[in-house]
2 protein chains.
Amino acid sequence: MNFQQLRSVREAARRGYNLTEVANALFTSQPGVSRQIRELEEELGIDIFERNGKRLTGLTEPGKEVLHIVERLLLEAENLQRAGETYSGKTTGTLSIAATHTQTRYVLPRAVQHFRTAFPDVRIALQQSAPEHIAEWVLSGKADIGIATEGLSRFEGLVSFPCYEWHHVIVVPDGHPLLAVKSVTLELLAQYPLITYDIGFTGRSHIDQAFTEQQISPDIVLTAMDSDVIQQYVTMNLGVGIVASMAAEHLPANLHPIPANHLFASNVTRVAVRRGAFLREYAIDFIQQLAPKLKLNELAEAVNWRR
Amino acid sequence: MNFQQLRSVREAARRGYNLTEVANALFTSQPGVSRQIRELEEELGIDIFERNGKRLTGLTEPGKEVLHIVERLLLEAENLQRAGETYSGKTTGTLSIAATHTQTRYVLPRAVQHFRTAFPDVRIALQQSAPEHIAEWVLSGKADIGIATEGLSRFEGLVSFPCYEWHHVIVVPDGHPLLAVKSVTLELLAQYPLITYDIGFTGRSHIDQAFTEQQISPDIVLTAMDSDVIQQYVTMNLGVGIVASMAAEHLPANLHPIPANHLFASNVTRVAVRRGAFLREYAIDFIQQLAPKLKLNELAEAVNWRR
DNA sequence: TATCCTTACGGAATTCGTAAGCATG
DNA sequence: CATGCTTACGAATTCCGTAAGGATA
């Protein structure tokens, strides 16, 4: 058993069982990959892959179990590498962050700027994606850190920490009737067409929840994944916007914020890492930047309690 | 990075940093081991071991972190082997069980007998030890299964399941005054010298607890790790014995049991496996033999939830 | 017939053990 | 001076890529 065999198996599963592609990905020859896989299968005494004639078509039942273990093995191997890099005082490396648009656009810039000065030699890979995919990315090791407001705490394989709390804010264009109202109510709000986030994004669930509780059906005419798009359509007078407070901090001159703390439940943005991951010094630093209240030993314990 | 390097590091830490010994254990040459370790250190860019001149004396700070990861890696590798053996339908292998004396003596014989007929080609390694060590053995992978009444549930790295419930029983020799009493009380019992288990063994904590709650100080004249010794001394009229009900089932003719269900809290014997371990079919069978109420999917989930 | 996997083979690189050298308690 | 680690070197093994062969959509 060796690591090249394990890499071949993992890559084969990831790349749709096409060994030619696997060979390219691993910078080796196709017969080599073929051999690695067969040798591992022989050593374990089982078929890992289903074969249709000569072509691989999928995983066998035992193969699925094997793949799980192989993934864990390779993740631990990466942990080992990173441990080495950390303690050898290397400041180079890559910090891979998966975050939603809202985080990437309004929250991360400050953290990234600080990070750049603190660790100038570390490359940052920002992966913007939907909350449900962020968890996947972190679980698979493709991202070191995941940041989102929804859907991170459901995964056993992740440890997540609260970063900060925020509210939704109503955004209207110049001269909108709501600007004259002292305290906006949900009923009032529901009289206008609304523009807000897609389901599953940026606290959308709390918006729906608020309306449902008061048995009001809002007229949501348009949803988007990001606040810029929402603002764009509010400017075009298509409706009243509901965006995250972070997005409402720097509005263009023709748009105006109206507080909505009293209407929608507050949201907590969380940062997540894979349970058992070895975190580089700079990754820990970045997390602490995002969640300043988080104690270092809390973090270490939560991530490594598996020991 | 390769597995031989990892094995060398682990073995070095286990064998007191004597590379000559490590070489023997791994059936290779001493310079080979030396090289493996140095190459891994070079690849990771750190010193794993403290050196005093040429000799290894211990782990460096980073080395401790590295060792943790290495241990996990090698355990996963063993999991992979076992997965192969399981699915390839091999009935050979070894089931390593760590248990207390009481379990080994009175509970395991039946399970082992059943196991021998079901899996005649699997060797059984019974490791008898103190409860606190059982957890260690299972955690380190030296034992597949641990069985004890105390001290298994405290470990995050273990998953444990209840096997069966039992009580303590009072044991007295022929003609003892307690035999004439209808229902023994703690006060009455405390008037005699007592012989029972060592602290930390076989439900001893529940015995102490019962006396403490009634503010009685029993006169425990002798403690032992196992029931045979206790019975021996009861026979010699040194005092009244308190043993596990399993041990009182087959008493010699000159000793007599007196129920004590009403005096001491009942005990639950538990079986534990390492979280994330891959369990061979026969190991699962053995566990089910011990804990018949345990559902298969419960077990699988608890052990592998890490995925 | 184009794609994809296997087999065969030979050269290259790695690995490993022996023997000798050196440090330490 | 005995134990224990390192260095040096050569042999053996393993590894890997190229080229050819065969199966399948």
Side-chain angles (χ1 to χ4, degrees), chain A residues 1-60 62-63 66-67 70 73-74 77 80-81, chain B residues 1-60 62-63 66-67 70 73-74 77 80-81:
Chain A
M1 185 192 313
N2 63 53
F3 284 101
Q4 189 67 1
Q5 292 169 349
L6 303 181
R7 275 188 288 269
S8 301
V9 166
R10 178 175 70 175
E11 219 54 35
R14 286 188 179 172
R15 314 214 165 229
Y17 316 107
N18 182 329
L19 299 196
T20 310
E21 232 182 278
V22 171
N24 292 332
L26 297 180
F27 303 103
T28 180
S29 69
Q30 183 274 318
V33 172
S34 193
R35 210 176 11 231
Q36 301 294 356
I37 290 178
R38 252 183 315 104
E39 282 175 3
L40 185 61
E41 287 184 324
E42 273 168 32
E43 180 174 346
L44 298 181
I46 54 176
D47 283 357
I48 297 172
F49 295 100
E50 297 273 7
R51 286 172 174 78
N52 201 336
K54 286 193 173 181
R55 310 204 174 181
L56 308 204
T57 55
L59 288 163
T60 62
V66 165
L67 182 63
V70 167
L73 264 164
L74 291 172
L80 198 50
Q81 294 282 10
Chain B
M1 186 191 313
N2 63 52
F3 284 101
Q4 189 67 359
Q5 292 169 349
L6 304 181
R7 275 189 288 268
S8 301
V9 166
R10 178 174 72 174
E11 219 54 35
R14 286 187 179 173
R15 314 219 164 223
Y17 315 107
N18 182 330
L19 300 196
T20 310
E21 236 181 274
V22 171
N24 291 332
L26 297 180
F27 303 103
T28 180
S29 70
Q30 183 274 318
V33 171
S34 194
R35 209 177 10 232
Q36 302 293 356
I37 289 178
R38 251 183 314 105
E39 281 175 3
L40 185 60
E41 289 185 323
E42 274 168 32
E43 181 173 347
L44 297 182
I46 53 176
D47 282 358
I48 298 172
F49 295 100
E50 297 272 10
R51 286 171 172 79
N52 201 336
K54 285 193 172 181
R55 312 208 172 178
L56 308 203
T57 55
L59 287 163
T60 61
V66 165
L67 183 62
V70 167
L73 265 163
L74 291 172
L80 198 51
Q81 293 282 9

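All heavy atoms count here, side chains included; hydrogens, waters and symmetry mates do not. A, B, ... follow the sequence lines: proteins, then strands. Residue 1 opens every chain.
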_Side chain of T28(B), heavy atoms from C-beta onward: which of dG17(C), dA19(D), dC4(C) has the nearest atom to it?_
dG17(C)
*Near DNA chain D, which residues from residues 46-56 of chain A have a heavy atom under 4.0 Å away?*
N52(A), G53(A), K54(A), R55(A)
_Over all atoms of both residues, closest heavy-atom pair of L6(B) and V70(B)_ = O-CG1, 3.5 Å
*Distance in angstrom units between E21(B) CD and dC5(D) C1', rounded*: 15 Å
*Kindly say whether Q36(B) contributes a backbone atom to a donor-acceptor pair with the side chain of S8(B) at under 3.5 angstrom?*
no
_N or O in side chain of T20(B) less than 4.0 angstrom from dC5(D) OP1/OP2_ = yes
*Would you mind reading off the distance between R35(A) atom CZ and dC5(C) atom P, rounded to a whole angstrom?*
15 Å
*So, T28(B) side chain and A23(B) main chain: donor-acceptor pair closer than 3.5 Å or not?*
no
*asked:* So, OP1 or OP2 of dT14(D): does either fall under 4.0 Å of a side-chain N or O from N2(A)?
replied: no
*CZ of F3(A) versus C1' of dC16(D): gap in Å, rounded?*
20 Å
*Interatomic distance, L40(A) CG vs dC15(D) C1' [rounded to whole Å]*: 16 Å
*Are Q36(A) and dC16(D) close enough that a side-chain N or O sits under 4.0 Å from OP1 or OP2?*
yes
*Sequence neighbours left out, what passes salt bridge (charged side-chain N to carboxylate O under 4.0 Å, His left out) with R10(B)? Give chain and number order.*
E78(B)
*asked:* Between P on dT24(D) and OH on Y17(A), what's the gap in Å once rounded to a whole number?
replied: 20 Å
*salt bridge (charged side-chain N to carboxylate O under 4.0 Å, His left out) assessment of R7(B) paired with E11(B)*: CA-CA 6 Å; R7(B) 275 189 288 268; E11(B) 219 54 35; over 6 Å; no
*Interatomic distance where CD belongs to Q30(B) and C1' belongs to dT7(D) [whole Å]*: 11 Å
*Looking only at side-chain atoms of P31(B), point me to the closest of dT18(C), dT18(D), dC5(C).*
dT18(C)
*N18(A) CG to dC4(C) C1', straight-line distance once rounded to whole Å*: 7 Å
*Using whole Å, report how far CE of M1(B) lies from P of dT15(C).*
14 Å
_Suppose the criterion is side-chain hydrogen bond (donor to acceptor under 3.5 Å, both in side chains): which pairs have a residue in residues 48-58 of chain B, not counting sequence neighbours?_
E41(B)-R51(B)
*Out of curiosity, E42(B) CD to Q5(B) CD, how far, rounded to the nearest 0.5 Å?*
10.0 Å
